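Not measured: the values here are computed from a predicted model.
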Amino acid sequence: MSVRDPESRLRAARVRTLSIALLCGLALAPHGVAEEAPERTLDALVGALAADTVPARRAAAHALWLRRSETEPYAVAIAAGLRDDDPYVRTTCAGVLRERLFRTPDAVPGVAGALAHPRGDARRTARERRPGSFSQVEAGRDVVARALGDDDPEVRMHAARGLAMLPPERAAPVLSALHDRRSDPEPAVRAATLHALCKLDPNQGPASAAAALDDESATVREEALRALLLPGRAPEAPVDLVCRLLQGDENEPVRRRAALLLSQYGAAADTAVPALIRAWNEDTLPVRITATRSLALLAPLDARALPTLSEALWDDSPWIVRGAASGLAAVGPEAAPYAPDLCHVLRAVDDSGARHGAAIALARVLEPLVHEARDALEEAADHRGDAVHVSAAASLVRLFGDTARLQQLVDALGSESHALTAAHALRALGPLARPALPALERLDLDPGSVQGAVIAETVAELRAAKTESGGR
């Protein structure tokens with residue numbers, strides 16, 4: 001029968017499936033017989049890693065991958081697979097051990113041997129799986145530090161990344177080796193080294209990152225900006241240098257990082273806000289979004305950001321609108337002149353996040369002013385010495401719906417000095433004065449007087465409005 005016959009291929013697939021199942025120690029034997037099978041099967045699989053043929057070693061490595069949660073007792077033996085000549089065996093063994101090996105000090109010699117393998121890809125395999133966890137083993141830390149001097153740049157890069165995961169208090173022995181790699185010829189290694197130094201060496205790391213802002217590689221410049229962005233700590237780089245990166249770097253991610261870093265300088269940096277405003281007006285959308293966020297953070301400290309944030313509320317990008325609204329909300333009452341722009345967002349912007357931000361901003365911008373205005377109006381309305389209390393009472397009705405103040409206006413019609421002001425105030429209120437209609441109808445005012453004529457017109461208008469509304 002031909003090998004290509006469908007039935008033959010199906011039988012072959014079943015044989016392969018059965019073989020894998022047996023290697024994985026699946027419960028194919030009767031109950032009670034398979035209880036000791038897993039350990040014996042793992043012994044056999046680990047032994048098969050030293051088989052003469054590549055297919056046999058690959059099969060063993062794959063089966064161990066499927067059983068990786070049970071392999072901790074075999075970490076040292078499996079580490080030998082990292083030195084195999086076959087890349088599939090090396091990579092699969094590294095995957096098997098990634099949860100166990102790098103926490104097992106006894107396996108350090110196996111990894112150290114793999115890092116000394118003459119083939120660069122073998123050394124990379126030993127470093128690329130969970131390098132940080134391995135580096136936290138004392139002996140492993142020194143092994144990884146030595147890997148910083150490897151001929152293969154990928155090995156050096158992974159070594160720096162692994163050392164970055166050390167607790168800072170255990171990193172002192174490797175700081176010198178990391179500082180030596182700041183001038184590595186490979187940009188990826190320099191970037192990984194900067195990341196490690198800024199995490200492990202708070203005294204010298206930020207200074208190293210600031211010095212790297214002039215690096216020829218955009219990857220290194222971006223990493224340097226990222227490393228300088230430390231919460232609660234002002235960047236050590238000169239603000240003018242960061243502004244130059246924002247305005248002149250050819251790499252967009254670098255400009256974005258520069259825009260974000262400028263928000264950390266606070267009010268002390270006079271050039272930060274103008275540079276961000278220029279980027280907002282001229283740069284690409286991703287940079288403009290980041291510039292908006294930074295302007296929003298700086299707005300409470302620098303009022304020069306407010307006009308740009310107001311303009312940003314009319315931008316086509318909802319992300320820019322959201323950032324601008326958050327900035328105005330943080331500013332508070334000083335942003336009150338821009339309340340109409342926030343109202344525009346609520347009415348016209350088709351983005352729920354932007355409208356949500358505008359609603360919050362309006363409350364924070366106007367609420368203190370509203371409370372202050374109401375307190376002032378109530379104080380004036382309670383002071384009956386002059387006609388000002390009449391206008392204050394009318395304003396309370398108009399702005400806050402305080403209909404209890406309508407009776408104060410009706411009472412003022414009986415005052416010779418306040419009657420005309422009260423009559424005009426009631427008419428100006430229009431439908432808001434409707435609750436006062438019964439009291440106005442009971443008044444006996446001279447229709448020949450000015451206030452009498454005004455009240456007569458007001459009563460007529462209120463009656464007509466009541467009739468149109470069905471008596472409500």
Side-chain angles (χ1 to χ4, degrees), residues 306 310 313-314 328-329 331-348 355 358-472:
L306 293 179
S310 172
L313 293 174
W314 296 77
L328 293 175
V331 171
E334 293 181 7
Y338 308 106
D341 301 303
L342 290 167
C343 293
H344 154 75
V345 174
L346 279 175
R347 295 189 182 107
R355 295 198 304 275
I360 293 175
L362 275 172
R364 293 182 180 175
V365 166
L366 297 178
E367 184 178 15
L369 299 176
V370 169
H371 289 318
E372 184 178 353
R374 183 163 192 166
D375 291 342
L377 287 170
E378 288 180 343
E379 183 179 347
D382 292 337
H383 183 69
R384 308 294 178 96
D386 51 35
V388 174
H389 81 276
V390 176
S391 299
S395 295
L396 287 169
V397 176
R398 180 180 301 279
L399 295 176
F400 304 106
D402 188 358
T403 55
R405 294 287 180 175
L406 288 172
Q407 187 58 47
Q408 182 176 345
L409 298 178
V410 174
D411 294 343
L413 292 173
S415 168
E416 183 176 350
S417 58
H418 303 153
L420 184 59
T421 302
H424 283 297
L426 283 166
R427 186 174 186 186
L429 287 173
L432 293 174
R434 188 179 302 173
L437 180 59
L440 293 174
E441 290 175 329
R442 292 193 296 269
L443 290 175
D444 185 17
L445 297 176
D446 181 6
S449 65
V450 176
Q451 57 265 34
V454 172
I455 291 300
E457 293 175 359
T458 302
V459 170
E461 291 173 359
L462 292 176
R463 284 173 176 169
K466 182 178 180 179
T467 300
E468 292 178 1
S469 62
R472 294 190 299 273

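For the atom pair CG of Leu328 and CD1 of Ile360, the computed distance is 13.0 Å after rounding to the nearest 0.5 Å. Here CG of Leu399 is found 6.5 Å from CG of Leu377. Values are rounded to the nearest 0.5 Å. A distance of 14.5 Å separates CZ of Arg434 from CG of Leu426, quoted to the nearest 0.5 Å. Put simply, CG on Leu413 and CG on Leu420 are 10.0 Å apart, with the number rounded to the nearest 0.5 Å.
Atom CD of Glu379 has 12 or fewer neighbouring heavy atoms from other residues, nucleotides or ligands inside a 6.0 Å radius.
Considering all non-hydrogen atoms of both residues, Ala423 and Val454 come closest at O-CG1, 3.6 Å. Minimum heavy-atom separation, Ala422 to Ala412: CB-CB, 3.7 Å. The two residues Pro435 and Pro431 make their nearest non-hydrogen contact at CD-O, 4.4 Å. Here the shortest heavy-atom pairing between Ala336 and Leu369 reads CB-CD1, 3.4 Å. Residues Leu409 and Ala393 approach most closely at CD2-CB, 4.0 Å, considering heavy atoms. Of all heavy-atom pairs spanning Asp402 and Val397, the tightest one is O-CG2, 3.2 Å.
Scanning for side chain to side chain donor-acceptor pair (under 3.5 Å) contacts around Arg355 gives an empty result, with sequence neighbours left out. For Arg364, there are no side chain to side chain donor-acceptor pair (under 3.5 Å) partners two or more places apart in sequence or in a different chain. Under the ring pair (Phe, Tyr, Trp, His ring centres under 6.0 Å) criterion, His383 pairs with no residue at all, not counting sequence neighbours. For the side chain to side chain donor-acceptor pair (under 3.5 Å) test, residues two or more places apart in sequence or in another chain that qualify with Gln407 are Asp411.
Proximity of Leu406 to Leu429: side-chain heavy atoms (C-beta onward) are separated by under 4.5 Å at one or more points.
Judged by distance alone, the side chain of Gln408 and the main-chain N or O of Ala381 form a donor-acceptor pair under 3.5 Å. Within the 3.5 Å criterion, the main-chain N or O of Leu306 finds no donor-acceptor partner in the side chain of Ser310.
The salt bridge (Lys or Arg N to Asp or Glu O under 4.0 Å) pairs that include a residue from residues 366-375 are Arg374-Glu378, where partners are two or more places apart or lie in different chains. Screening residues 392-401 for salt bridge (Lys or Arg N to Asp or Glu O under 4.0 Å), with sequence neighbours left out, gives no hits.
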Can you check side-chain contact (heavy atoms from CB on, under 4.5 Å) on Val365 and Tyr338, steps first, answer last?
CA-CA 9 Å; Val365 166; Tyr338 308 106; over 6 Å; no

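Ring geometry, His389 versus His418: the interplanar angle exceeds 60°, so the pair is classed perpendicular (tilted spans 30 to 60°).
For the side-chain contact (heavy atoms from CB on, under 4.5 Å) test with Arg427, the passing option among Ile455, Thr458, Leu462, Val459 is Thr458; the others fail.
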